[in-house]
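Atom set for the values below is all heavy atoms of this structure, side chains included, hydrogens, waters and symmetry mates excluded.
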Amino acid sequence: MYAPERQQAILALARTRGRVEVLALAQEFHVTAETVRRDLKTLVRAGVLRRVHGGAIPAGRLDFEPGLGEREATAVPEKERIARAALPLLPGEGSVLIDAGTTTAALAAVLPLDATLTVVTHALPIATRLADHPGIDLHLAGGRVRHRTRAAVDAWALRTYGEITADIAFVATNGFGPASGLTTPDLAEAAVKRALISAARRVVLLADSGKFGQEHFARFGTLAQVDLLITDDGLAERDAASVEAAGPEVRRA
């Protein structure tokens with residue numbers, strides 16, 4: 001099969017399935033992963049596909065949102081390094097907001113047992129991790145729980161964040177970039193993230209490099225609202241520089 005034929009077949013699969021994966025395509029077409037990446041690059045340049053971590057989706061699908069299990073299995077070593085790099089930022093006996101997300105959940109998983117903190121979160125997985133922590137005064141922001149992320153949204157959660165001011169917020173995102181800002185597929189999730197950012201004196205974005213350049217349907221903030229981005233060393237120097245030009249300091253773990 002010639003490259004143009006394969007690319008048309010890949011596009012058809014993406015439109016039918018909603019998403020295609022590099023490794024699966026390589027097996028399906030009996031080519032190397034690098035060949036598939038070149039095909040995807042060609043289709044992205046043509047404006048018909050959009051790259052996401054590990055594959056691509058049709059260009060019009062800004063609302064695409066992988067399930068929690070899939071996100072938990074993505075970029076695991078990077079998320080663990082990012083989480084450990086965030087630990088020194090924890091205040092001594094202060095207040096912390098932890099956003100819903102798999103990278104922020106990785107931070108919750110490594111909080112030291114001797115930490116003494118007031119923690120507020122609207123994410124059920126994070127609350128579950130911290131419920132038995134001996135030094136955490138845990139507050140769970142309530143509301144309607146989205147099954148896809150297991151995060152509380154809507155008026156109750158918004159009211160909670162509107163009534164507090166915390167020392168620091170650790171924020172997660174589905175995509176980030178100098179032009180697009182901080183984006184996520186769901187408007188209700190975006191509203192809560194926006195309120196969480198406004199409720200903290202310092203905002204730290206925890207995001208792996210695969211999310212750079214991704215843009216989703218709902219924008220909840222700009223990079224100028226972020227004090228620090230902690231990401232992994234997969235973020236290129238030029239991309240890190242473009243993020244810093246938009247406002248936040250960048251640390252690559």
Cut-off 3.5 Å, side chains only: do D99 and T104 have a donor facing an acceptor? no

For the student: nearest non-hydrogen atoms of G234 and D232, plus distance: N-OD1, 2.8 Å

When rounded to the nearest 0.5 Å, the distance separating OH of Y2 from CD of Q7 is 14.0 Å

So, is the end of the K211 side chain (NZ or CZ) under 6.0 Å from the ring centre of F176 and within 45° of the ring's axis? no

Side chains of Q27 and L23 in contact at under 4.5 Å (non-hydrogen atoms): no

Please collect all salt bridge (charged side-chain N to carboxylate O under 4.0 Å, His left out) contacts where either partner lies in residues 243-253, sequence neighbours excluded, each pair once. E237-R252, E249-R251

For R219 and S180, indicate whether the former's side chain and the latter's backbone hold a donor-acceptor pair under 3.5 Å. yes

Does either side chain, that of E189 or that of T149, offer a donor lying less than 3.5 Å from an acceptor on the other one? yes

Testing the basics here: between R129 and A109, what is the closest heavy-atom pair and its distance to 0.1 Å? NH1-CB, 3.1 Å

Would I82 and D208 satisfy side chain to side chain contact (heavy atoms under 4.5 Å, CB included), going step by step from the backbone distance to the final call? CA-CA 8 Å; I82 291 167; D208 66 81; 4.2 Å; yes

Looking at L182, is its backbone amide N or carbonyl O close enough to the side chain of T173 to form a donor-acceptor pair, meaning the two atoms are under 3.5 Å apart? no

Test item: D227 side-chain N/O and V203 main-chain N/O as donor-acceptor pair under 3.5 Å: yes

What is the distance from atom CG of L49 to atom CZ of R19, rounded to the nearest 0.5 Å? 12.0 Å

Partner residues of E28 under the salt bridge (charged side-chain N to carboxylate O under 4.0 Å, His left out) criterion, sequence neighbours left out: R17

Please tell me whether T32 and T35 have a donor and an acceptor in their side chains that are separated by less than 3.5 angstrom. yes

For residues I98 and V204: do they belong to one hydrophobic cluster (side chain heavy atoms under 4.5 Å, members Ile, Leu, Val, Met, Phe, Trp, Tyr)? yes

Is V120 reachable from W156 through a run of hydrophobic residues whose side-chain heavy atoms are each under 4.5 Å from the next? no

T121 side chain vs L140 backbone, donor-acceptor pair below 3.5 Å: no

About how many Å separate OG1 of T116 and CD of E93, when rounded to the nearest 0.5 Å? 5.5 Å

ILVMFWY network linking V145 to L158, side-chain heavy atoms under 4.5 angstrom: no

Considering only heavy atoms from C-beta outward, does the side chain of V250 approach that of T231 to under 4.5 Å? yes

By side chain to side chain contact (heavy atoms under 4.5 Å, CB included) - contacts of A169 (at least two apart): L97, V171, L196, A200

Any idea which heavy atoms bring F212 and G177 closest together, and the distance? CE1-CA, 4.3 Å

How close do S242 and P178 get, heavy atom to heavy atom, and via which atoms? OG-CG, 3.5 Å

Which heavy atom in L40 sits nearest to a heavy atom in A56, and how many Å separate them? CD2-CB, 4.0 Å

If we ignore angles and hydrogens, is there a donor and acceptor under 3.5 Å between the side chains of K193 and T184? no

Assess whether side chain to side chain contact (heavy atoms under 4.5 Å, CB included) is satisfied between F217 and L187, documenting all intermediate values. CA-CA 8 Å; F217 177 65; L187 286 169; 3.7 Å; yes

Smallest heavy-atom separation, L138 atom then A127 atom, equals CD2-O, 3.6 Å

Say you draw a straight line from CD1 of I164 to OG1 of T160; how long is it, rounded to the nearest 0.5 Å? 7.0 Å

Side-chain (R51) to main-chain (G55) donor-acceptor, under 3.5 angstrom: yes

Between R202 and L228, does the side chain to side chain contact (heavy atoms under 4.5 Å, CB included) criterion hold? Intermediate values first, please. CA-CA 9 Å; R202 190 180 190 200; L228 171 66; 4.1 Å; yes

Polar side-chain atom of H122 near backbone of G143 as donor-acceptor pair, under 3.5 Å: no

Please check this pair: side chain of D167 against backbone of S95, looking for a donor-acceptor N/O pair closer than 3.5 Å. yes

Would R146 and R144 count as a side chain to side chain contact (heavy atoms under 4.5 Å, CB included) if you check the C-alpha gap in whole Å, the side-chain angles of each, and the deciding distance to 0.1 Å? CA-CA 6 Å; R146 289 192 71 229; R144 175 177 65 88; 4.0 Å; yes

Between I197 and V96, is there shared hydrophobic-cluster membership here, with clusters defined by ILVMFWY side-chain heavy atoms closer than 4.5 Å? no

Using atom types as modelled and distance alone, determine if a side-chain donor or acceptor of R50 lies under 3.5 Å from a backbone N or O of E215. yes

Is L87 close to P112 at the side-chain level, that is, under 4.5 Å between some pair of heavy atoms? yes

I need the L235 CG to L229 CG distance, nearest 0.5 Å. 7.0 Å

Kindly work out whether a path of hydrophobic side-chain contacts (I/L/V/M/F/W/Y, heavy atoms less than 4.5 Å apart) joins Y161 to L206. no

Does the pair D186/R148 count as a salt bridge with the N-to-O cut at 4.0 Å? no

Interatomic spacing from CG in D39 to CD1 in I10 - rounded to 0.5 Å: 4.0 Å

Heavy-atom check, side chain of R201 versus side chain of I168, under 4.5 Å: no

Is H216 reaching over with its side chain to a backbone N or O of A218, donor-acceptor style, under 3.5 angstrom? no

Flag if over 12 foreign heavy atoms under 6.0 Å of CZ, R84: no

